[in-house]
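Let me begin by presenting the structure, written as structure tokens, before commenting on it.
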Amino acid sequence: MLSTFKIKNFKSIVDAQINFAFDEGKAPNGYKESSMLTFLEPKKKCRYVPCFAVYGANASGKTNIIRALSTFKILITNRIENLYMPNKLNSKFNTTFFELSFFVRAKKYTYGLEYNEQSIVHEYLKCDESKIYEIHQQCADFSGIVQKSYTAQRMEEVLNIECRDVNKLQKITFLNRLATNYSGLSEQVADVYKEILFNIEIYPFNSMPFSFGLDKLAASSADNFADIKRAFLKITELLQKLDIDIKRMDLERNVQKIPNPAGMSVISKDDIYSYHSDINGNDVIFNFMEESEGTQVLAGLLGLFLSALEGGKVLIIDELERSLHPLLLIEIIKLFKDKRYNKSSAQLIFTAHNTDILDRDLLRLSEIAIVRKTLSQGTTVRKISSFEGIRNVTNFRKQYLNGAFSGIPHAYI
């Protein structure tokens with residue numbers, strides 16, 4: 001689960017920090033007996049929120065927070081070319097900096113990355129504040145990973161040969177090279193890379209086809225139809241519980257194996273059908289693509305949600321409410337707050353404009369952040385829990401729309 005994310009000099013963001021901690025002091029009475037999750041606790045006295053909603057006016061920078069996380073993840077797995085996107089209106093910094101802190105099996109890791117248009121200038125990895133490695137331009141410290149067979153000199157060779165170009169500019173993260181080419185060298189490095197690559201899922205666009213969510217939940221090859229069918233039933237059963245007017249659904253998956261130089265590629269095509277009752281009570285079959293856009297969006301999201309909940313993943317989505325009725329939005333967010341579903345400490349992080357969920361006793365004050373933007377400070381992020389005199393019994397929606405937290409447009413026509 002995520003602990004904090006720091007961003008400097010990325011698009012509209014000058015210098016911002018997003019803190020996912022449960023920072024309301026003492027836990028509320030009866031939280032252990034409650035059916036709803038108050039917080040996640042990866043280790044004793046370390047408490048973090050299961051949901052995190054980001055609100056703000058249009059063009060305030062909400063989406064840039066999601067893009068920053070996405071760019072950070074891309075940087076780890078790819079070369080840095082075309083990924084330098086500094087703030088064009090405020091030249092306070094001449095590099096971009098990201099730092100992500102997160103938990104893996106009760107250990108807190110912090111991974112930092114600083115870069116400019118030409119190269120990575122600073123990279124480091126820590127575990128519970130102990131340094132694993134640090135590279136600052138031409139200086140490197142590998143004290144946390146060196147072994148008899150892999151000395152500091154050998155690590156320097158890996159860095160120079162596999163991460164730097166002929167001009168000694170670092171183009172690829174050391175984390176990437178260690179985790180992919182030397183996976184047995186450090187269990188900690190391997191854990192960090194896997195966590196970022198596979199357990200932090202970022203969707204800058206809320207538009208996932210049913211089949212995409214289906215494959216995520218099945219977590220299996222496209223031709224393993226038994227797993228696909230089980231995942232399909234989980235999604236459709238939950239879809240019906242959400243009062244969608246579908247009687248039942250069927251899935252037909254056509255799989256083709258196509259040879260390629262690396263072996264065989266598996267390509268699948270799904271035909272999904274939904275059944276409704278006509279005025280006489282008879283079944284009428286529909287292609288699922290004939291269903292409303294909202295129903296299609298919901299079905300795609302449910303596959304992602306259930307996959308994240310079962311795998312204890314971090315799910316990050318921009319504009320979660322797209323095409324969803326407010327009451328459906330509330331119910332799917334509840335999946336991450338409900339102890340029956342969220343048994344593996346999954347987190348949901350999302351941006352939204354719909355304020356109905358602020359008025360439903362759903363999110364706590366640690367789970368709501370307000371984004372605003374000024375020329376001097378760029379995009380800033382402030383949690384409601386940091387405002388004076390705000391309690392969980394307060395009507396967040398009314399106060400937000402009245403401008404108590406800022407982060408709203410002041411339009412006049």
Side-chain angles (χ1 to χ4, degrees), residues 1-7 20 42-43 46 48 68-81 83 95-115 119-165 168-202 219 311-314 316 344-347:
M1 72 189 64
L2 301 193
S3 167
T4 57
F5 184 50
K6 297 178 182 178
I7 313 164
F20 303 101
K43 58 192 290 187
C46 289
Y48 296 90
L69 281 158
S70 180
T71 301
F72 172 75
K73 185 171 177 176
I74 293 169
L75 277 164
I76 292 169
T77 56
N78 294 273
R79 297 176 68 86
I80 70 161
E81 278 81 0
L83 292 174
T95 59
T96 292
F97 170 74
F98 298 128
E99 183 190 86
L100 185 69
S101 296
F102 52 94
F103 284 86
V104 182
R105 291 197 293 274
K107 290 183 178 180
K108 185 179 180 180
Y109 291 93
T110 299
Y111 178 69
L113 198 59
E114 183 180 358
Y115 67 103
S119 68
I120 297 167
V121 298
H122 193 190
E123 179 185 357
Y124 57 88
L125 177 63
K126 296 186 291 185
C127 176
D128 291 332
E129 302 307 318
S130 296
K131 186 188 297 182
I132 297 176
Y133 71 82
E134 182 174 15
I135 303 161
H136 196 184
Q137 295 181 340
Q138 299 305 312
C139 299
D141 179 356
F142 305 111
S143 56
I145 51 174
V146 291
Q147 299 177 7
K148 287 184 179 180
S149 56
Y150 277 90
T151 63
Q153 182 179 356
R154 177 70 177 111
M155 292 293 97
E156 190 75 39
E157 290 174 0
V158 171
L159 175 62
N160 287 329
I161 296 170
E162 302 189 34
C163 301
R164 290 172 173 160
D165 65 10
K168 294 189 176 181
L169 297 176
Q170 187 179 344
K171 300 289 187 177
I172 300 172
T173 63
F174 189 62
L175 178 67
N176 178 300
R177 295 297 86 190
L178 278 187
T180 54
N181 293 348
Y182 307 91
S183 57
L185 182 62
S186 169
E187 183 180 354
Q188 291 178 320
V189 169
D191 283 347
V192 166
Y193 191 73
K194 288 176 184 176
E195 182 72 16
I196 294 172
L197 198 64
F198 300 113
N199 288 340
I200 300 175
E201 297 192 357
I202 305 165
K313 298 178 182 179
V314 179
I316 303 167
S344 302
S345 296
Q347 274 180 315

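By convention here, the first residue in the shown sequence is residue 1. Bear in mind the structure is a predicted one, so any value in this text is a computation, not a measurement.
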Please report the closest heavy-atom contact between [X] and [Y], naming both atoms and the distance.
| X | Y | result |
| --- | --- | --- |
| V189 | S186 | N-OG, 3.2 Å |
| E162 | I172 | O-CD1, 3.7 Å |
| T173 | C163 | O-SG, 3.9 Å |
| S183 | A190 | O-CB, 4.0 Å |

Measure the spacing between [atom1] of [X] and [atom2] of [Y] and express it to the nearest 0.5 Å.
| X | Y | atom1 | atom2 | answer |
| --- | --- | --- | --- | --- |
| F174 | L113 | CZ | CG | 13.5 Å |
| L83 | N78 | CG | CG | 7.5 Å |
| M1 | E195 | CE | CD | 9.5 Å |
| T180 | L175 | OG1 | CG | 9.0 Å |
| Q170 | H136 | CD | NE2 | 11.5 Å |
| C139 | E156 | SG | CD | 9.0 Å |

Do the side chains of [Y] and [X] get nearer than 4.5 Å, heavy atoms only?
| X | Y | value |
| --- | --- | --- |
| T77 | Y193 | yes |
| V158 | F142 | no |
| V121 | S119 | yes |
| R154 | T151 | yes |
| F20 | V314 | no |
| I135 | R164 | yes |
| I120 | L75 | no |
| L178 | M155 | yes |

Heavy-atom donor-acceptor pair, [X] side chain to [Y] backbone, under 3.5 Å:
| X | Y | value |
| --- | --- | --- |
| Q138 | K168 | yes |
| N199 | K313 | no |
| Q347 | L2 | yes |

Taking only residues two or more places apart in sequence or in another chain, which ones pass ring-ring contact (aromatic ring centres under 6.0 Å, His included) with Y182? Y150
Residue pairs fulfilling salt bridge (Lys or Arg N to Asp or Glu O under 4.0 Å) with at least one residue in residues 70-80, sequence neighbours excluded: R79-E81
Donor-acceptor side-chain pairing of Y115 and E123 below 3.5 angstrom: no
Distance-only donor-acceptor pairs under 3.5 Å for side chains of residues 95-109, two or more places apart:
unit_1	atom_1	unit_2	atom_2	d
T95	OG1	E114	OE2	2.6
T96	OG1	N9	O	2.6
E99	OE1	K6	NZ	3.4
E99	OE2	Y124	OH	2.4
S101	OG	T110	OG1	2.9
R105	NH2	D191	OD1	3.2
R105	NH2	D191	OD2	2.5

Take K194 and E187, measure what salt bridge (charged side-chain N to carboxylate O under 4.0 Å, His left out) needs, and give me the verdict at the end. CA-CA 10 Å; K194 288 176 184 176; E187 183 180 354; over 6 Å; no
